[in-house]
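To start, the structure under review is shown below, and the notes come after it.
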Amino acid sequence: MDYNFKEVEKKWRGRWFASDIYTAKDNDKREKKYVLVEFPYPSGSGLHVGHAFAFTGGDVYARFQRMRGYNVLFPMGWDAFGLPTENYAIKKKRKPQEVTKENTDMFRSQMKDLGFSFDWDREVNTTDPEYYKWTQWIFIKLFEKGLAYKEERPINWCPSCKIGLANEEVVDGKCERCGTQTEKRNITQWIVKITEYADRLIDGLKDTAFIEKVKAAQINWIDRKEWIDITYPVADSQESVTIATTRPDTNYGATFVVLAPEHALVNRILSGEVKTDEDLGKIKEYVVKARNKSELERQKEVTGRDKSGVFTGLYAVNHLTQAKMPIWITDFVLSTVGTGAVVGVPGHDIRDFEFAKQFGLPIIRVVVGSDGDKSEIVNKEQVQEDEGVMINSGFLDGMEIKDATTKIMDYIEEKGWGKRSVRYHLRDWIFSRQHYWGEPIPMVHCEKCGWNPVPESELPIKLPEVENYEPTDTGESPLANIEEWVKTKCPKCGGEARRETDTMPNWAGSDWYYVRYLDNKNDKAMASTEKMNYWLPVDVYIGGDEHNTLHLLYSRFIFQFLYDLGAVPIPEPYYQRISHGVILGSDNRRMSKSKGNGITPDEAAEKVSVDALRAYLMFIGPFDGTMVWNDNALMGVKRFADRLYKYFDTNYSKAGETSSHEVNAMLHRTIKQVTEGFDSFQYNTIVAKYMELLNFLEKADSKDISKQVFSDFVKLLSPIMPYMSEELWNIMGYKFSVHNQSWPIFNEEYLVTENIEIPVQINGKLKGRITVPNDAEEGAVRELILRDNTLAEYLSGADIKKIVYVKGKIANIIV
RNA sequence: GGUCGAGUGGUGGAACUGGCAGACACGUGGGACUCAAAAUCCCAUGCUAGCAAUAGCGUGAGGGUUCAAUUCCCUCCUCGACCACCA
């Protein structure tokens with residue numbers, strides 16, 4: 001009989017979702033397993049292959065763990081706020097709420113088609129007021145704890161999206177969303193003090209089992225370093241200048257000081273407060289030009305380019321050498337890093353070297369590398385940056401860089417010339433967006449009382465439904481145009497007040513969604529303590545590399561904050577983090593509509609069945625790899641699926657009561673390898689093992705194969721090929737459903753045989769194989785080798801020096 | 001420049017804790033079935049030499065440890081991902 005996959009899929013999909021086989025039971029006696037995949041942004045174009053790949057990876061794991069007896073929570077929801085929906089809604093003159101509803105309906109239906117075993121009772125949607133009520137609640141708590149403040153600061157402004165962007169959303173000086181070059185604007189924004197948690201975000205990683213690269217990405221992004229701020233007196237004046245450095249060990253080689261154009265001392269020079277003999281006009285010209293440079297120009301790769309700068313006419317005095325170091329102004333020093341002033345050590349920093357060359361400043365070598373070169377530094381290649389031994393450095397001479405750094409820091413502090421400080425690359429988090437389709441920030445401004453949160457009882461502050469929500473050119477949120485919504489009473493004094501019209505960034509809703517899955521209908525709390533105690537932490541979190549830094553960091557920060565509040569029971573939300581890979585189009589480029597190289601999971605499933613598509617996705621490569629879509633390989637998996645069904649269809653009725661030893665050994669080897677494959681996310685090898693087992697069975701005599709083999713095989717298949725497994729399970733006469741059967745148990749005994757075949761090497765080269773009893777000792781094996789005709793031939797006349805026999809594995813004869 | 005990772009047939013990729021390199025699949029060649037094609041099935045397929053048995057070579061390059069190295073150590077090369085005027 002032919003396998004009509006479309007009918008089979010339709011039949012079982014209905015059965016599955018009408019039953020409770022995928023339902024996670026709260027506070028069950030079984031051990032829990034919380035399997036989380038990143039929830040998608042429901043775009044109008046539907047589920048793409050990348051989604052199907054990532055979700056299949058989560059689904060097979062969830063199904064596997066359910067069969068192993070765990071109470072599995074595998075939920076799904078929608079990260080639905082965001083610009084594409086807003087832009088689409090504006091263009092089509094429709095409400096984003098409606099558009100979102102349509103898109104999530106489409107996504108949900110596609111997910112059901114693909115057989116994902118999500119527990120739909122727990123669905124969440126970040127745009128649902130009952131959900132964002134708690135997103136707003138979290139913001140109020142941040143404000144109350146002093147972790148959210150409003151400040152005017154230059155932000156990255158995208159002139160196309162008309163939105164302020166966090167530094168993280170600007171890539172190469174361009175808007176991450178639309179690619180337009182960003183500019184700088186001053187806007188008053190809500191800022192969240194994530195830097196307060198910088199150390200804990202590093203330390204907390206110890207309690208997780210994240211893969212190394214994820215931990216590294218987090219630590220790198222936070223980038224905690226010990227600096228020292230050194231204050232130099234300015235010669236012939238009462239002024240001083242404080243520079244910040246992480247490399248004070250090279251201070252004997254310092255020959256100049258450079259200031260950012262925004263530095264306070266620069267302002268005082270320009271205003272005449274600090275006297276200089278240099279031409280003020282010339283200084284001013286440079287500073288004005290530098291300050292007006294776009295972010296892009298200043299951020300561009302700086303080494304290897306001509307440096308620009310201007311001399312202030314002032315000198316800083318190096319405490320160590322009493323050398324007078326000329327103070328320059330240059331645009332490669334950033335006012336936002338350190339103190340906005342840097343000491344130039346041209347012998348040991350490429351930028352400083354280029355700057356010194358450009359303006360004829362002295363260059364001193366203070367670190368000697370392994371080549372022992374102590375000559376004068378004349379070219380870039382001689383600049384020794386981070387390895388070597390100190391010279392020309394007084395009491396530091398002969399020390400390694402690391403020791404010298406500690407020593408000189410102590411010394412500088414002792415002398416009162418400077419002070420250590422810890423700094424991070426991580427910056428505070430700009431939390432305001434000037435858009436409609438986001439969570440309203442639940443704050444009210446009163447002329448008398450300043451900013452206050454709305455009372456918790458008034459949450460959620462709902463987005464008003466309006467006709468026109470296009471962004472404004474003034475930079476204000478479209479909500480600012482809705483006077484009746486903006487006007488409100490001050491929660492403190494009851495007087496006239498105005499609502500905050502900015503909305504939250506996309507990250508806000510996705511920071512805590514995995515908590516809401518636990519208790520998505522709770523109107524008293526984000527989730528009940530009881531449920532959080534049972535389900536948290538997330539055991540496995542599957543997501544893309546692109547979220548390993550920001551999303552993971554932001555959500556861990558919010559969770560740690562909630563822990564401090566007592567709102568969640570443990571300090572870290574995720575135990576294990578698994579990266580899923582990427583699937584490129586068959587032309588080796590990212591799939592996209594404009595390139596026309598896209599394939600949708602729907603069309604592939606239509607062609608080869610959902611099961612074959614799923615097996616293909618798991619088979620094409622390692623789960624975290626970068627794979628190229630290959631239609632031929634897809635058809636290969638389809639052939640396997642057809643062959644599989646046909647094999648069961650024609651052979652199950654002939655199955656016997658017991659299996660031969662070989663069949664049992666093969667089955668149990670497969671059970672072992674498939675189980676280990678699921679445990680370690682090596683899905684590609686699992687599909688290969690399925691194929692091997694089928695290849696083996698097809699060649700075996702059906703009277704040697706018991707019914708047990710068939711049913712165990714179906715169980716092994718079921719996580720990856722849920723529809724066909726269910727169908728076969730049913731055909732074999734078993735009760736619904738294969739998906740809540742218990743996982744086959746590997747039994748080592750089946751692998752044990754009396755005689756085993758081992759390879760025999762002569763001088764490390766494979767020359768033959770012999771059969772030996774499994775418990776044979778070296779002497780016996782030697783006898784057997786010498787008795788073997790072909791091997792004996794190789795050995796005739798040879799002088800056997802030694803035989804190495806590794807029991808049950810290999811023999812190696814040294815002649 | 002920093003951090004992390006990877007180099008294995010024509011291709012995607014397997015290989016436990018150092019123990020038969022190339023599982024599984026794609027592709028290719030040949031064959032069966034067919035009036036023919038598609039589909040399906042069977043055989044072969046790392047490279048070189050040879051009719052063959054067989055021999056030599058072979059996991060980015062070079063060296064080392066070992067009876068034995070894709071796996072461990074040293075030196076170097078190449079590629080990828082993420083981050084980056086961070087001082």
Side-chain angles (χ1 to χ4, degrees), chain A residues 168 171-172 211-217 219-221 223 225 227 243-248 250 258 260 297-305 307 330-334 336-345 348-352 354 385-386 423-427 545-546 548-549 579 581-582 615-616 619-622 624-637 639-640 642-643 646 672-673 676 682 684-695 698 757-769 801-815:
Chain A
E168 297 87 84
V171 178
D172 271 346
I211 47 175
E212 263 330 291
K213 80 166 168 184
V214 177
K215 283 190 184 179
I219 291 169
N220 256 331
W221 185 261
D223 195 19
K225 270 192 201 144
W227 296 52
I243 60 93
T245 181
T246 57
R247 291 291 305 279
T250 58
V258 267
E297 280 172 283
R298 280 185 71 170
Q299 272 181 0
K300 251 195 184 155
E301 182 67 48
V302 73
T303 51
R305 269 200 325 185
K307 297 288 174 292
T330 180
D331 65 2
F332 78 73
V333 175
L334 301 182
T336 51
V337 176
T339 55
V342 180
V343 62
V345 185
H348 305 283
D349 180 282
I350 293 283
R351 286 179 315 251
D352 292 352
E354 287 174 346
E385 292 200 77
D386 52 11
R423 286 201 179 87
Y424 307 90
H425 171 244
L426 178 75
R427 298 294 143 78
D545 276 345
E546 69 275 23
N548 283 346
T549 330
S579 288
V582 179
Y616 165 73
F619 184 58
I620 39 175
D624 62 355
T626 305
M627 277 97 33
V628 177
W629 182 270
N630 180 340
D631 267 316
N632 285 323
L634 176 67
M635 292 317 292
V637 178
R639 264 197 296 280
F640 163 70
D642 289 345
R643 215 148 50 82
K646 207 164 132 200
K672 181 168 191 264
Q673 290 167 334
E676 286 167 357
Q682 286 173 298
N684 54 332
T685 65
I686 294 176
V687 180
K689 297 302 165 196
Y690 292 163
M691 292 170 171
E692 280 178 56
L693 182 57
L694 180 63
N695 290 346
E698 280 178 336
E757 199 186 50
I758 60 158
V760 179
Q761 297 177 331
I762 296 175
N763 285 346
K765 287 200 192 278
L766 182 71
K767 290 296 176 188
R769 39 187 69 243
K801 289 207 179 100
K802 188 174 164 192
I803 292 184
V804 180
Y805 173 59
V806 182
K807 213 170 187 178
K809 283 226 169 111
I810 199 167
N812 191 7
I813 305 161
I814 319 306
V815 298

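Reminder, nothing fancy here: chain letters follow the sequence lines and each chain counts from 1.
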Nearest-Å distance once atom P is located in both B/U45 and B/U8
23 Å
State, yes or no, whether a side-chain contact exists between A/I813 and A/K767 at a heavy-atom distance under 4.5 Å.
no
What nucleic acid atoms does A/G636 come within less than 4.0 Å of, heavy atoms only: base, sugar-phosphate, or nothing?
sugar-phosphate
Taking atom CG of A/N812 and atom CG of A/L766, what is their separation to the nearest 0.5 Å?
10.0 Å
For A/S579 and A/D624, which heavy atoms make the closest approach, and how far apart are they?
O-CB, 3.3 Å
Atom pairs, protein N/O to nucleotides 2-5 of chain B N/O, distance under 3.5 Å:
from: B/U3; atom 1: O2'; to: A/N220; atom 2: ND2; distance (Å): 3.0

A/D223 CG - B/C83 P separation (whole Å)
14 Å
Write out a two-atom table: protein N or O, nucleotide N or O from nucleotides 39-47 of chain B, distance below 3.5 Å.
none

Let me know the distance between CZ of A/F640 and P of B/C26, rounded to the nearest Å.
12 Å
When rounded to the nearest Å, what value does the distance between P atoms of B/A44 and B/C26 take?
15 Å
Between CD1 of A/I758 and NZ of A/K807, what distance do you get to the nearest 0.5 Å?
12.0 Å
Remember a base hit wins even if backbone is also touched, and classify A/K801 as base, sugar-phosphate or nothing at under 4.0 Å, heavy atoms.
nothing
Roughly, in whole Å, what's the span from CE in A/M691 to P in B/C24?
10 Å
Interatomic distance at C1', B/U78 relative to B/U59, whole Å
16 Å
Is there a side-chain contact between A/W629 and A/I620 in this structure, where contact means two heavy atoms from C-beta onward sitting under 4.5 Å apart?
no
Below the 4.0 Å mark, does B/C67 have OP1 or OP2 next to a side-chain nitrogen or oxygen of A/N763?
no
Atom pairs, N/O to N/O, protein against nucleotides 52-56 of chain B, distance under 3.5 Å?
from: B/A55; atom 1: OP1; to: A/Y794; atom 2: OH; distance (Å): 3.2

Interface polar pairs with nucleotides 20-22 of chain B, N/O, under 3.5 angstrom:
from: B/C20; atom 1: O2; to: A/R769; atom 2: NH2; distance (Å): 2.1
from: B/C20; atom 1: N3; to: A/R769; atom 2: NH1; distance (Å): 3.3
from: B/C20; atom 1: N3; to: A/R769; atom 2: NH2; distance (Å): 3.0

Check every atom of B/C67, B/A14, B/A87 against the side chain of A/K802 and return the nucleotide holding the closest atom.
B/C67
Going by side chain to side chain contact (heavy atoms under 4.5 Å, CB included), name the residues that satisfy it together with A/K802, two or more places apart in sequence or in a different chain.
A/V804, A/I814
Can any side-chain N or O of A/Y616 pair as donor or acceptor with the backbone N or O of A/N630 at less than 3.5 Å?
yes
How many Å lie between CD1 on A/I620 and P on B/U11, as a whole number?
18 Å
Value in whole Å for how far the P atom of B/G27 lies from CG of A/N630
8 Å
What is the distance from atom CZ of A/R247 to atom NZ of A/K225, rounded to the nearest 0.5 Å?
10.5 Å
Quick one, A/R643 with A/L694, criterion side-chain contact (heavy atoms from CB on, under 4.5 Å). Give me CA distance, side-chain angles, the key distance, then yes/no.
CA-CA 8 Å; A/R643 215 148 50 82; A/L694 180 63; 3.9 Å; yes
Which whole number of Å gives the distance between the P atom of B/U11 and that of B/G1?
31 Å
5'-to-3' dot-bracket of RNA chain B (Watson-Crick, G-U; under 3.5 angstrom; crossing pairs as [ ]; | other strand)
(((((((..(((......[....)))((((((.......))))))((((....))))..(((((..]....))))))))))))....
More than 12 heavy atoms of other residues, nucleotides or ligands under 6.0 Å from NZ of A/K672: yes or no?
no
Can you find a heavy atom in the side chain of A/T246 that is under 4.5 Å from one in the side chain of A/R423?
no
Would you indicate which nucleotide in B/G27, B/A87, B/A25 comes nearest to any side-chain atom of A/N695?
B/A25
Would you mind reading off the distance between A/K689 atom NZ and B/A25 atom P, rounded to a whole angstrom?
11 Å
Whole-Å distance between B/A23 C1' and A/Y690 OH?
17 Å
Heavy-atom distance under 4.5 Å between the side chains of A/Q673 and A/T685, does that happen here?
no
With no hydrogens and no angle check, is any side-chain donor or acceptor of A/D352 less than 3.5 Å from a backbone partner on A/V345?
yes
Sub-4.5 Å side-chain heavy-atom contact between A/F640 and A/N695:
no
Take the protein atom CZ of A/F332 and the nucleotide atom C1' of B/G1, then report the distance between them rounded to whole Å.
14 Å
Might you point out which heavy atoms bring A/V337 and A/R427 nearest each other, and give the distance in Å?
CG2-NH2, 4.3 Å
Taking atom types as they are modelled, is there a donor-acceptor pair under 3.5 Å from the base of B/C67 to the side chain of A/N812?
yes
Nearest 0.5 Å, what's the CZ-CD1 distance between A/R769 and A/I810?
9.5 Å
